[in-house]
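Here is the structure we will look at, set down as structure tokens.
Numbers restart at 1 for each chain; the letters A, B, ... are given by sequence-line order, proteins then strands.
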Amino acid sequence: MSLPKVSEFVRPTDLAAALHELESVNARIVAGGIDVVLFPGDTTKLVDISGIPLSGINSDAEGIVIGATTTMTALIESPLIADYLGGVVTTMLHHLASPLQRNLATIGGTLISAHPWSDVIPLFLVLGARVSYYDGTEHTVPIAQFYAESMFRQRIILTAVRLPAFPPGTAAAFIKFSRTAFDIAVLNCAALVQITAGRCTAARIAVGGAPQRGYLLPHAGEVLTKSGALTAEIIASAARTARDEADISDDMRASAAYRRNLVEVGVQRALGQIKDKLEAGV
Amino acid sequence: MNIELTVNGVRREFTIAPGETLLELLRRTGYKGVKKGCEAGDCGACAVLLDGRAVNSCLVLAAKVDGHTVITVEGLADDGTLAPLQEAFLDTGAVQCGYCTPGMLIAATDLLNRNPRPSEEEIKEGLSGNLCRCTGYVKQVEAVKLALTRMNGGNDA
Amino acid sequence: MPNHGQPPVKERTRSVEGFTVVRHNLRKVDGIPLVTGKPKFVADIDLPNTLYVKILRSPYAHARIVDINTARAEALPGVALVLTYKNTPQRRFTTAGQGYPEPSPYDTRMFDTKVRFVGDRVAAVAAETREIAEAALKVIEVKYEEIPAALSIDAALAPDAPVIHDEDDATGIYDPKHNIVADVDIDVGNVTQGFTKSDVTVETTCELQYAQHTPIEPHVVLSYLDEDDRLVLRTSTQVPFHVRRIVAYALDYPVRNIRVIKPRIGGGFGTKQEILLEDIAAIVTLRTRRPALIELTRPEEFISARTRHPMRIRVKLGAKSDGTLRAMEMEAISNTGAYGSHGLTVLSNVGSKTLPLYNKAEDVHFYGKAVYTNLPVAGAYRGYGATQGYFALETAMDALAEKLGIDPVELRRKNHIRTGETSPIFVKLGEGREGVEQVIRSCALDKCIDIGMERIDWNARHGKRIRDGSWVHGLGMSVHMQGSGIARIDMGAATIKMNEDGSFNLLIGATDLGTGSDTILGQIAAEALGVPLEKIIVYSSDTDMTPFDVGAYASSTTYVSGMAVKRAADEVKAQIIKVAAQIMGTAPDGLVLADEHVSAPSGKSTSLSEVCHYALYQADQFQIGATASFVPDESPPPFMASFAEVAVDTDTGFVKVVNYVAAVDCGTPINPKLAQGQVEGALANGIGYALTEEMLLSPHGGVRNPNLFDYKILGALDIPPIEVILVDSYEPTGPLGAKSVGEIGINAPIPTIANAIYDAVGVRLRHTPFTPERVLAAIRDKDRL
């Protein structure tokens, strides 16, 4: 359906110009454009940022930098992403929407839309991704902070997301429960564990679509770091902690009680996969 | 506003509304093979190739694709010669009502362009954004396999 | 070189068991335009000055419209016409596209002074653009007076329930004061005594959800006046002739001034056996003299089009200890929603298409009600009651087998109907009235069961509960029958005329909604006339140009329309032989029509082209051609044995169908690939119905998930390996031995998967769909016991 309220469409070629265009009332950025079309609200002016060179996937000593207008397909097809942490981001992306939508959707768009069911957010939370945005100057903040603070500021342009490099002995996993393959999550779940000298030195666990937007479960992570081991018993204990810790509610896809069960199963499976990966030396 | 678009190899100028979708534009300018099924990116009936990649044209703003290249189902046959996928869809019985067919063909074209030897699972994933209510997808997956065999010079007899 | 029409000639003329065209997997006659995106569908043509029509829908489940003020809408620039109850005909009719007189009540007005569900029609606006029409809807002022609503079967049947159809001009409602649209009660023998005489009984109650057809093309109609000022309705329908009749009646406008054309349509599955938009389009065009387009959006489709009848069904079975069924009782309570479309007939078919399958039972009782509620309107949906009935019957059979200690397959074998047998149900219960006596003349169900068992590896994998982590595997099966058309009600006709190049126009009222019926009817004609399929020019579903046909429903087309084609072709063939005899100066006896020639035993032959030239131009001139009709005396059932392996995740309740095998007897498959495609599609739809599809209703009766984002139909990644095996039989009353196969597949997945889940984890699911949450709850309940 066309957007009858939209009366202006501009294509700035640099960030400063784009920011200037966003000063109009009801102006909105278009990247892939999916959510603009689906949820136009009162938008009257569209600011297309695809003319600004923000697309690309590069690596440096600190990790991988993904430009905001990089499409999901570009990520799926990227060897850099495939090699990153055993391909956990690629795995997640295969579960995300459909190939048709992945050809349009951008990483920046999905982080800004921040749908409660987002598969990207819980995984990026456990990865400790950092988000770069422009509001006249460049800022880079941890993704959790971005959602806590920056995201709700007027007039920012997300420019990139950075995935940190990890030392050997780190593994991550992503689990999604959905009714069909092309569906949003009834619940999704991501985990990352770092083993240093045989001990679990860092662990992060997150859930999303619960049904609210993904968030970290620090207590569940602590179960692993405190014990230091990644045994079946500790995993089960972390999963139970996650189950109790998670803030869960009902929606039409599932009841809170059912979702709470999925948290436990999802965390258990994610950590199980991580254990297998670490033991296999992946 | 005005945009230029190369559709099925022909460069054309269009006058559009700033909020118009590519689906609306294509249908109102005669590309009726592009189908409307949900206008929300859920069914894939409106898929077209945008710069070679299959997208839901209902989710694309026409203004955004100024200067780009679009191929619709009408552009898949080469001067009256059907593409191998079109032939295979006919031979396997993959077309029932035919309403999802244009989008399926477009999605399959994108898939085969970038992955010349997809596994069955990859074929299914490639078609997973295109809903079909008639076939159960069995013969569409078979059609993609048959087209592949023929494109790779194999004998399907 | 690619061959755009048909496979090469040598392949085509190769005989398959005596057939040269039939039983061949020929390409669909309409295939090329569909793969090249030609403008074949309703909304694919642009007419100048077309008005765009949008419909205002009720936000209330039950309310009276005290007043409507359309002044502001009418004053908007670009608005051509606003329709409400104040300026439209007030005749009651039924939206159900059925034979005449329709077995559905006349309980619907074009626009009424009362709304009966969230989404009911209130007004319509015709405007220059969609945007203007939508803007105009927003400024129509409607004064509603809300009435208590009945939002469930139980609420509608309660003693103090609001009366949903309290109007005095509705007709055909069984008991309007108690919200009962239809009531059925038939007895064979004495079921109470039957149960007393049984060694073992089981009883089960099943509930089925609201679910929708979701054709990828939503309902759409384009109306216009032709150059002679006749009204043309180009519409996405399964029933063009019923559309013409019902629109003529609703508008009180002459049938002779209406032409209905069905172009290609994007799927139907029953929801397009309904007149949902055509009456409004017609009135807009007649009043404005301009073309009018109405296309439902996907949310409108969910809210206002039709659904499968949700039901509660109780089945009780009694058997002797050797497994012979003694007594069967089935009670069905059907929710027809706010209008009674197909209420009676769907209810009847719950019993009539299921109970005859087990004809060994001496005592049978089937009874039930179809009930109005203030909820979305149910209608025809592939399977048509049988789907609902089989859930209860085939899961009860599974439970009975367990109680008897007999393999579920063996229990079916012991009791299912066979060739040469009959069932008293055939006579007692038809479709909305008494049925027709019939003997089964073709049934390969035994062979279907054998093949299915082997392909799914039943003996090795059933009852084994093979475990893979938290996933447990199980096997389930069920058997089914449907029908081929409605005996002594359905009618199809075909006209064939010959052209100089030896080609034939085949004009049929039959309605191809994607099923391939144009192709298979062409194949039947080609076979009889000794020509390849490309010599048959098929044109269908145009009320001006083609003879009558009831349309595409009740699995009628192959059998009923196919017989009409066969008869017409046989008549034409006789004419050809006569003319050929005249040309060759021989007696007609012994002449053979094949390979586009008529040949005499002497070796003399004449081509069809010569025959036609002779008949049109040379001597005793006439048009070689014929029109023939067919009304079936029987409705020969196709049969099916369905097997599935599922895996159940005991941690989450997710059910994954691992493998599906269906062996189907549809007599002679006219085009095996298309027949297989019918079954594959029906199974896929049925698997979705079993596992994910459910319209969720708000406490106020509205649909909460009216889109394909929230209402999940299965995609390519969700479909298990499906193997459909066509098992031969020969139906002597059908065209070249064929029976119909459009519906039967959809009946199978629910009971087959339910039985497989039981085999895996020992819980019987009684409420569809089998969502992970429901399955997990059932597993946990069982573990608590």
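- Other residues, nucleotides and ligands place more than 12 heavy atoms under 6.0 Å from the CZ atom of B:Arg11.
- Using a 4.5 Å cut-off on side-chain heavy atoms (C-beta onward), B:Leu61 and A:Leu3 make contact.
- Looking only at side-chain heavy atoms (C-beta outward), B:Val55 and A:Gln101 stay at 4.5 Å or farther from each other.
- Distance check, rounded to the nearest 0.5 Å: NZ of B:Lys64 to CG of A:Leu46 gives 10.5 Å.
- Residues B:Glu24 and A:Ser2 are in side-chain contact: their nearest non-hydrogen atoms beyond the backbone lie under 4.5 Å apart.
- For B:Asp110, the part sitting under 4.5 Å from any heavy atom of chain A is the side chain, from C-beta outward, and nothing else.
- Looking at B:Leu49, neither its backbone nor its side chain comes within 4.5 Å of chain A, counting heavy atoms on both sides.
- Interface residue A:Ile34: backbone and side-chain heavy atoms are both found under 4.5 Å from chain B.
- Chain A forms more heavy-atom pairs under 4.5 Å with one residue of B:Gly129, B:Ala63, B:Ala47 than with any other, namely B:Ala63.
- The structure places CD1 of A:Ile76 at 6.0 Å from CD of B:Glu125, a figure rounded to the nearest 0.5 Å.
- The minimum heavy-atom distance between B:Ala107 and A:Leu100, with the atom names listed, is CB-CD2, 4.2 Å.
- The shortest non-hydrogen separation linking A:Leu38 to B:Leu59 is CD2-CD2, 3.7 Å.
- No other option in B:Leu50, B:Leu111, B:Asp42 has as many heavy-atom pairs under 4.5 Å with chain A as B:Asp42.
- In this structure, chain B has a heavy atom under 4.5 Å from the backbone of A:Glu8, while its side chain stays farther away.
- With chain A as partner, the option from B:Ile106, B:Leu25, B:Asp51, B:Asp66 having the largest number of non-hydrogen pairs under 4.5 angstrom is B:Asp66.
- Remark: B:Ile16 CD1 to A:Phe9 CZ distance equals 7.5 Å, nearest 0.5 Å.
- Most heavy-atom pairs under 4.5 Å with chain A: of the set B:Pro18, B:Ala17, B:Ala62, this distinction falls to B:Pro18.
- Using a 4.5 Å cut-off between heavy atoms, A:Ala31 contacts chain B through its backbone alone, with no side-chain atom that close.
- The contact between A:Thr73 and chain B is made entirely by side chain atoms (from C-beta outward), counting heavy-atom distances below 4.5 Å.
- In this structure, A:His94 NE2 and B:Glu122 CD are separated by 8.0 Å, a value rounded to the nearest 0.5 Å.
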